[in-house]
Asker: 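Take this structure, written in structure tokens, and hold onto it; I'll ask about it next.
Atoms within a ligand are numbered from 1 in the order they appear, just like the ligands themselves.
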Amino acid sequence: MIGTVEVIYRGIFQKHLGQRITRGIVLAGRQQGKIGISFGRYGDSPERNGIPAKSFAVVADTEDELQVHLSRYEPINNDVTVVVDDTLCKGVESWAWYGLQPVHKLTRPGGTLLVVSLQTPEALLQDCHKKGAEWHLGILPGTASFSGLWVYKDDHTDVRLLGAIAKLAPHVATIESVEGAIRGEWKNELKVASARKAYERASTRRVGPEEGNPEAPYAFELLKWTEMKEGLVIPAIPVKQEVPGWTGGYRPGRNPTFKKFATRTMRPVVDFETCTKCTICWLQCPDSCFDVTPTGHYDANLEACCGCGVCEAVCPVTDCITMVNEQAFANNTSQFEAYEKDPAAYKAWLTATITDKATTQRSHGFRYRGQYADELAEAGAEGEPKGGD
Ligand code: SF4
Ligand code: SF4
């Protein structure tokens with residue numbers, strides 16, 4: 001019997017996390033006499049912070065089974081898709097393809113999307129696209145674990161996910177095999193306890209074919225070979241885009257087919273009332289994301305913004321730009337348009353948004369032992385004792 005798992009992670013910040021999960025699955029399979037392989041695809045090279053990337057694990061009872069399965073380019077009918085940052089549920093756009101892929105595109109019908117999240121299933125389903133087939137939404141309570149550049153922060157997210165996989169897809173790995181793999185590989189009983197707790201905590205919900213975000217993910221047709229120009233021709237990006245209805249202002253030309261917003265975990269929210277029009281955010285944004293409006297304001301274009309946070313760091317006005325978690329937003333519409341339409345309503349929305357601790361808190365893994373239990377208790381997770389693992 002074959003078991004396949006795909007891990008979708010954010011490039012660089014979660015690269016080692018993705019690798020450790022898929023490796024752990026193969027090691028757990030080995031505990032049960034299976035053979036397997038873990039490998040990365042759609043990596044984060046050229047290095048790009050936050051770019052959606054993938055690792056896979058395949059375990060099989062026999063070598064022949066494994067070889068037949070791996071004769072395919074990549075596993076396309078995965079039993080489990082693991083998502084280690086819940087903002088990826090909005091869809092993934094990688095270096096490796098064009099357009100936005102639904103997060104469960106490679107999950108088999110009836111399979112499980114396992115998300116690390118403190119959101120409810122209903123909230124996550126507002127982001128996950130409609131699949132047209134039945135699937136299961138598994139949740140491991142927790143916040144996304146991020147590390148710095150190529151550094152791994154060992155906060156047990158890896159073993160928690162292995163424990164959750166054992167609960168939701170025991171044919172891939174049993175909890176006993178996960179525990180055996182952790183003892184063999186990491187020799188750490190605390191990690192074993194974390195995997196067991198996650199096994200108990202992980203929950204699942206059946207999702208119908210018609211449930212989920214009804215929007216069609218952004219896509220476009222690639223040129224057919226008969227339509228391509230002779231030789232290697234890469235059209236340059238125009239310097240400026242015309243914006244219907246604008247007199248003055250400036251919107252730079254941008255790549256029309258690679259939009260970058262799937263790279264983002266947090267987005268900038270701008271207070272146009274306190275903005276002094278100093279231009280610093282516009283000058284410093286590494287992706288030229290700011291549109292200069294005809295009024296001289298700077299509006300972060302949310303299809304282009306990759307959420308790096310530089311604009312928040314350089315803006316000289318207190319609370320004029322605030323990074324807010326993507327989970328607080330349902331679309332990429334212009335903030336300046338909303339402000340122009342109703343400045344008072346925009347200000348009220350902005351104040352509520354940037355003062356919401358749940359969505360403005362930075363997520364950089366754990367800083368002390370017991371933080372995971374504290375976070376769950378704060379989020380109201382049932383029965384969670386303080387100061388646990
Ligand atoms: S977060 Fe700010 S600086 Fe970074 S890409 Fe977005 S708009 Fe530009
Ligand atoms: S850096 Fe801040 S104050 Fe300056 S233009 Fe940008 S948003 Fe306005």
Asker: Could you give all pairs that pass the salt bridge (charged side-chain N to carboxylate O under 4.0 Å, His left out) test and reach residues 308-323, with sequence neighbours left out?
Answerer: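 Qualifying pairs: Glu312-Arg362.
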Asker: Taking salt bridge (charged side-chain N to carboxylate O under 4.0 Å, His left out) as the cut-off, I'd like each qualifying pair that reaches into residues 296-311, sequence neighbours left out, listed once.
Answerer: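 Applying salt bridge (charged side-chain N to carboxylate O under 4.0 Å, His left out) to every pair that reaches into residues 296-311, excluding sequence neighbours, yields Lys259-Glu303.
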Asker: Provide the number and element of each atom of ligand 1 under 4.0 Å from a heavy atom of Pro286.
Answerer: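 What qualifies from ligand 1 is 3 (S).
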Asker: Provide the protein N, O or S atoms situated under 2.8 Å from atom 2 (Fe) of ligand 1; waters are not included.
Answerer: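 Within the sphere that stays under 2.8 Å of atom 2 (Fe) of ligand 1, the protein atoms of type N, O or S are Cys311 SG.
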Asker: Please state which protein non-hydrogen atom is closest to atom 2 (Fe) of ligand 2 and give its distance, to 0.1 Å?
Answerer: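 In this structure, atom 2 (Fe) of ligand 2 has Cys315 SG, 2.4 Å as its nearest protein heavy atom.
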Asker: Say whether, by atom type as modelled, one donor and one acceptor occur between the side chain of Arg264 and the main chain of Leu302 under 3.5 angstrom.
Answerer: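 Checked: pair present.
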Asker: Can you tell which of Cys285, Cys289, Cys311 makes a side-chain contact (heavy atoms from CB on, under 4.5 Å) with Cys305?
Answerer: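 Looking at Cys285, Cys289, Cys311, the match for Cys305 under the side-chain contact (heavy atoms from CB on, under 4.5 Å) is Cys289.
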Asker: With a 4.0 Å heavy-atom cut-off (strictly under), which part of Thr276 contacts ligand 2: side chain, backbone, both or neither?
Answerer: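 Both backbone and side chain.
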Asker: Please check this pair: side chain of Lys34 against backbone of Gln31, looking for a donor-acceptor N/O pair closer than 3.5 Å.
Answerer: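 The answer is no, because no donor-acceptor pair under 3.5 Å joins these two groups.
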Asker: Test of understanding: given a 4.0 Å heavy-atom threshold, classify the contact between Lys277 and ligand 2 as side chain, backbone, both, or neither.
Answerer: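 Backbone only; the side chain of Lys277 stays clear of ligand 2.
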Asker: So that I know where these two stand, are Tyr346 and Phe272 an aromatic pair - ring centroids less than 6.0 Å apart?
Answerer: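 Yes.
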Asker: Under 4.0 Å from any heavy atom of Val317, which atoms of ligand 2 are there?
Answerer: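 Per the distance check, 3 (S).
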Asker: What protein heavy atom lies closest to atom 8 (Fe) of ligand 2? Include the residue and the distance to one decimal.
Answerer: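 Ranking protein heavy atoms by distance from atom 8 (Fe) of ligand 2, first comes Cys275 SG, 2.4 Å.
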Asker: Salt bridge (charged side-chain N to carboxylate O under 4.0 Å, His left out): which pairs involve residues 229-251, sequence neighbours left out?
Answerer: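 Of all non-adjacent pairs touching residues 229-251, those that pass salt bridge (charged side-chain N to carboxylate O under 4.0 Å, His left out) are Arg251-Asp291.
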Asker: Count I, L, V, M, F, W, Y as connected when their side-chain heavy atoms are under 4.5 Å apart, and connections chain through other members. Are Ile21 and Val116 then in the same cluster?
Answerer: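 Yes.
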Asker: For ligand 2, which atoms, with element, lie under 4.0 Å from some heavy atom of Pro316?
Answerer: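 Numbered from 1, ligand 2 contributes 1 (S).
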Asker: For Cys278, take its heavy atoms, then give the atoms of ligand 2 lying under 4.0 Å from any of them.
Answerer: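 Within the 4.0 Å cut-off of Cys278, ligand 2 contributes 1 (S), 3 (S), 4 (Fe), 5 (S).
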Asker: With a distance cut-off below 6.0 Å to the six-membered ring centre and an angular limit of 45° from the axis, does Arg10 pair with Phe146 as a cation-pi contact?
Answerer: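 Verdict for Phe146: no cation-pi partner in Arg10.
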Asker: Check Cys320 against ligand 2 and report side chain, backbone, both or neither, counting heavy atoms closer than 4.0 Å.
Answerer: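 Side chain only; the backbone of Cys320 stays clear of ligand 2.
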Asker: Between Arg196 and Tyr199, is NZ or CZ placed under 6.0 angstrom from the six-membered ring centre and within 45° of the ring axis?
Answerer: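 Verdict for Tyr199: a cation-pi partner in Arg196.
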